[in-house]
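Below is one structure; the comments refer to it alone.
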Amino acid sequence: MRLVRRGIAVLGIAAVLGTAGCSGATMTTEAGQLDEVAAVTRDEALHALLPDDVKARGFIRLVTDASYAPMEYFAADGRTIIGFEPDLAAALGQVLGIRVEMVVGAFSTAVDEVEAGTYDGVLSSMTDTVERRKKVDFVNYFSTGTSILVQRGNPRGIADLQDICGQAAATEKGTYHEGMLIRLRKQCGDRRLTIHSLPTNADALVELRSGRVAVVLQDYPPAAFVTTDQRTSAFFQLASDQQYEPGLFGIAVDRDNDKLRDCLRDALQRLIDSGVYSDLLARWELSASGVKAATVNAG
């Protein structure tokens with residue numbers, strides 16, 4: 001099964017950098033910009049298993065921080081969220097026979113807002129961790145590790161994590177990478193590591209591009225994106241090919257919402273089995289990070 005054509009071209013992180021202030025907005029878009037996924041048909045049995053309140057409402061609402069190309073980011077109009085994860089959400093919605101919305105919100109509070117019932121889930125490149133599983137369950141859909149992003153030319157000579165000691169590093173607040181930096185700081189001794197925890201990933205990239213920090217920790221796909229995209233490759237490069245602490249991303253769903261969790265898991269497995277999932281990965285040049293089966297809390 002092949003996707004006929006790509007609805008919106010990859011526009012690059014430059015569009016995201018111009019919209020960093022949108023992270024606190026109540027901006028909503030229907031997930032995905034798919035032209036055609038002909039193999040995706042509604043599964044009546046799965047639709048019937050959706051929670052009654054979701055079926056009555058008529059849509060699933062997922063929160064995201066759209067500053068992480070190619071996973072999720074703003075198109076040139078500054079409102080439409082595009083990327084692999086919006087396309088995945090759209091395909092999941094087609095299987096479940098229900099509309100999926102992605103709402104822009106703060107990553108650092110996303111899990112708490114799901115637990116409070118503001119959103120049905122988080123779809124925002126969120127790593128499945130033991131600590132987060134105290135509040136939410138994860139439907140795992142992606143596998144990757146962390147890369148060290150530096151300025152083009154690597155002026156500080158950063159080669160590995162230990163070289164970050166004695167430097168300043170930027171990260172998005174509430175992310176797995178913030179936790180990595182906090183753990184690293186305890187190992188740095190007299191070489192003090194300064195951590196800039198910022199509202200969005202776009203803010204962290206601005207800090208690096210302007211030289212206010214030496215590094216940004218990012219998952220490999222977004223880090224590779226900004227180092228190869230023509231709009232940003234002159235400013236960023238990877239410190240090395242090393243990927244640290246590989247793990248799984250998951251759609252975070254409240255632990256008490258097992259019906260929605262299981263419907264999303266089964267819909268994802270349907271996409272994997274049909275080949276649509278692999279087509280979406282290929283569309284965004286992410287095939288190396290695909291999973292072979294839909295799992296829950298496998299991180």
Side-chain angles (χ1 to χ4, degrees), residues 31-32 40 43 46 49-51 54 60-65 68 70-72 83-96 100 102 107 110-111 113-115 119-147 172 174-177 179-180 218-223 243-299:
V40 180
D43 187 312
L46 283 180
L49 291 172
L50 285 167
V54 170
I60 296 170
R61 178 166 288 183
L62 304 176
V63 63
T64 192
D65 170 22
Y68 215 45
M71 305 303 289
E72 58 272 319
F84 168 71
E85 290 177 343
D87 283 356
L88 178 63
L92 290 170
Q94 286 179 257
V95 173
L96 294 172
V100 178
M102 295 189 77
F107 187 92
V111 166
E113 291 183 283
V114 167
E115 190 180 33
Y119 306 109
D120 297 307
V122 183
L123 182 52
S124 192
S125 303
M126 181 169 281
T127 302
D128 175 352
T129 67
V130 172
E131 185 64 27
R132 287 172 176 154
R133 288 201 297 270
K134 294 176 181 178
K135 297 181 178 181
V136 293
D137 286 334
F138 286 95
V139 177
N140 306 120
Y141 62 90
F142 197 80
S143 176
T144 192
T146 297
S147 294
E172 183 173 4
T175 60
Y176 184 82
H177 308 117
M180 285 182 65
Q218 281 193 336
D219 295 298
Y220 174 74
Q243 292 188 43
Y244 299 91
E245 301 187 16
L248 292 171
F249 290 173
I251 305 172
V253 180
D254 188 84
R255 291 186 66 187
D256 293 330
N257 200 351
D258 55 313
K259 284 188 176 181
L260 180 59
R261 177 201 67 199
D262 292 348
C263 283
L264 289 169
R265 178 201 60 201
D266 293 347
L268 175 60
Q269 189 62 54
R270 168 86 178 274
L271 294 175
I272 293 171
D273 293 342
S274 69
V276 171
Y277 170 76
S278 62
D279 279 342
L280 294 180
L281 288 167
R283 182 187 197 193
W284 294 97
E285 300 180 3
L286 297 171
S287 297
S289 292
V291 297
K292 295 182 179 180
T295 55
V296 171
N297 296 335

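These numbers were taken from a predicted model, which means no experiment stands behind them. Computation of the quantities below employed the complete heavy-atom set of this structure, encompassing side-chain atoms and omitting hydrogens, waters and symmetry-equivalent molecules.
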4.5 Å side-chain heavy-atom contact, [X] and [Y]:
| X | Y | answer |
| --- | --- | --- |
| Val122 | Val136 | no |
| Met71 | Leu286 | yes |
| Phe84 | Tyr141 | yes |
| Phe138 | Thr127 | no |

Margin query: Side chains of Tyr176 and Glu245: any donor to acceptor distance under 3.5 Å?
Written below: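 Yes - a donor-acceptor pair under 3.5 Å links their side chains.
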Counterpart residues, salt bridge (Lys or Arg N to Asp or Glu O under 4.0 Å), relative to [X] (two or more places apart):
| X | value |
| --- | --- |
| Asp219 | none |
| Lys134 | Glu131 |
| Asp43 | Arg270 |

Rounded at 0.5 Å granularity, tell me how far [atom1] in [X] sits from [atom2] in [Y].
| X | Y | atom1 | atom2 | answer |
| --- | --- | --- | --- | --- |
| Met126 | Asp65 | CE | CG | 10.0 Å |
| Leu50 | Lys259 | CG | NZ | 9.5 Å |
| Thr175 | Met180 | OG1 | CE | 10.0 Å |

Margin query: Among residues at least two apart in sequence or on other chains, which ones pass side-chain hydrogen bond (donor to acceptor under 3.5 Å, both in side chains) with Asp258?
Written below: none
Margin query: I need the single residue from Ile251, Leu62, Val40, Asp87 that forms a side chain to side chain contact (heavy atoms under 4.5 Å, CB included) with Leu92. Which is it?
Written below: Ile251
Next item on the list: Among Val114, Asp137, Val111, find the residue that satisfies the side chain to side chain contact (heavy atoms under 4.5 Å, CB included) test when tested with Asp254.
Entry: Val114
Check: Taking atom OH of Tyr220 as the centre, does the number of heavy atoms from other residues, nucleotides or ligands within less than 6.0 Å exceed 12?
Finding: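 Incorrect, the count does not exceed 12.
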Notebook entry, point to check: How would you list, by chain and number, every residue that makes a side-chain contact (heavy atoms from CB on, under 4.5 Å) with Ala298, sequence neighbours excluded?
Noted result: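 Residues passing side-chain contact (heavy atoms from CB on, under 4.5 Å) with Ala298: Asn140, Leu248, Thr295.
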Next item on the list: Name all residues meeting the side-chain contact (heavy atoms from CB on, under 4.5 Å) criterion together with Asp266; count only those two or more places apart in sequence or in a different chain, and write none if there are none.
Entry: Leu46
